[in-house]
Novice: 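My questions will all concern the structure given below.
The residues of the chain are indexed from 1 along the displayed sequence. Below, all heavy atoms of this structure are taken into account, side chains as well, without hydrogens, waters or symmetry copies.
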Amino acid sequence: FVLDYLLEEVFQQQPMSIQHFLLQTAILDQLCGPLCDAVCHTPSGTGQTTLAAIERANLFLVPLDDERRWYRYHHLFGAFLRERLVYDAQVGKADIAALHTRASRWYEAEGLDHEALQHAAAAADHDRVAELAERTWQRMDSSFQTAAWRRWVQYVPEELLLSRPELCIQYANVLMGAGELEAGEARLRDAERR
């Protein structure tokens, strides 16, 4: 009944432009105007205006700060939107991957490494994950995000990891820091072979 209500009484009652915005931004855990502009590929300022309109319409948008700069969708509504996006006949996997890639690029430009990696992985862009991991290792390590960084590197396919000696060295450093000396030494040998 809840899903029927969200579909028939909420989502389908919105103009097509709002429906399109809701579906495209469903991939985001948190939303702000500039991020929505990047993901939806719209002119600057459009995202903030649309978020304000969605909030005025009481469309399950929860403000996360007093300035009303950051928002998130209500959990049930967000889950509903993500499901609609995945099963929308007009939206393919490549389209969803493109949304994640745009989000990843925005987060990278903002210096939000973890989120950039998260969306690159969601786009199934292994090359981008490897490249971001290589570039962000020092920042993430110095901000005590080494465990998160390691999880993203473990996502990278073995042959891609082996093709990037610098990433192998960084990974070896993390492994040895975690007390996994043999695994760390193996990664150093991999880097040396390259």
Novice: Apply the test side-chain contact (heavy atoms from CB on, under 4.5 Å) to residues F11 and L81: give CA-CA distance (whole Å), side-chain angles for both, the deciding distance (0.1 Å), then the verdict.
Specialist: CA-CA 9 Å; F11 184 75; L81 290 173; 3.9 Å; yes

Novice: Could you check if a side-chain atom of L162 sits within less than 4.5 angstrom of a side-chain atom of R187, using non-hydrogen atoms only?
Specialist: yes

Novice: Using every non-hydrogen atom in the two residues, find where A26 and R82 come nearest and quote the distance to one decimal.
Specialist: O-CG, 3.2 Å

Novice: Please say whether more than 12 non-hydrogen atoms of neighbouring residues, nucleotides or ligands are located less than 6.0 Å from CD in E159.
Specialist: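 It does not: E159 CD has 12 such atoms or fewer within range.
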
Novice: Verify whether one side chain among S104 and R128 offers a donor that lies under 3.5 Å from an acceptor in the other.
Specialist: yes

Novice: Heavy atoms, side chains only, cut-off 4.5 Å: are L161 and C168 in contact?
Specialist: yes

Novice: Could you tell me whether Q138 atom CD has more than 12 heavy atoms of other residues or ligands within 6.0 Å of it?
Specialist: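 Open: at most 12 neighbouring heavy atoms sit under 6.0 Å from CD of Q138.
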
Novice: Using the test side chain to side chain donor-acceptor pair (under 3.5 Å), find all partners of E131 that sit at least two apart in sequence or belong to another chain.
Specialist: R135

Novice: With sequence neighbours excluded, what pairs up with Y107 under the side chain to side chain donor-acceptor pair (under 3.5 Å) test?
Specialist: none

Novice: List for me each residue that meets side chain to side chain donor-acceptor pair (under 3.5 Å) alongside S143, sequence neighbours excluded, and say none if there are none.
Specialist: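 Result, side chain to side chain donor-acceptor pair (under 3.5 Å) vs S143: Q145.
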
Novice: Is it the case that over 12 heavy atoms from other parts of the model lie below 6.0 angstrom from the CD atom of E182?
Specialist: no

Novice: Is there a side-chain contact between L175 and R150 (heavy atoms, below 4.5 Å)?
Specialist: yes

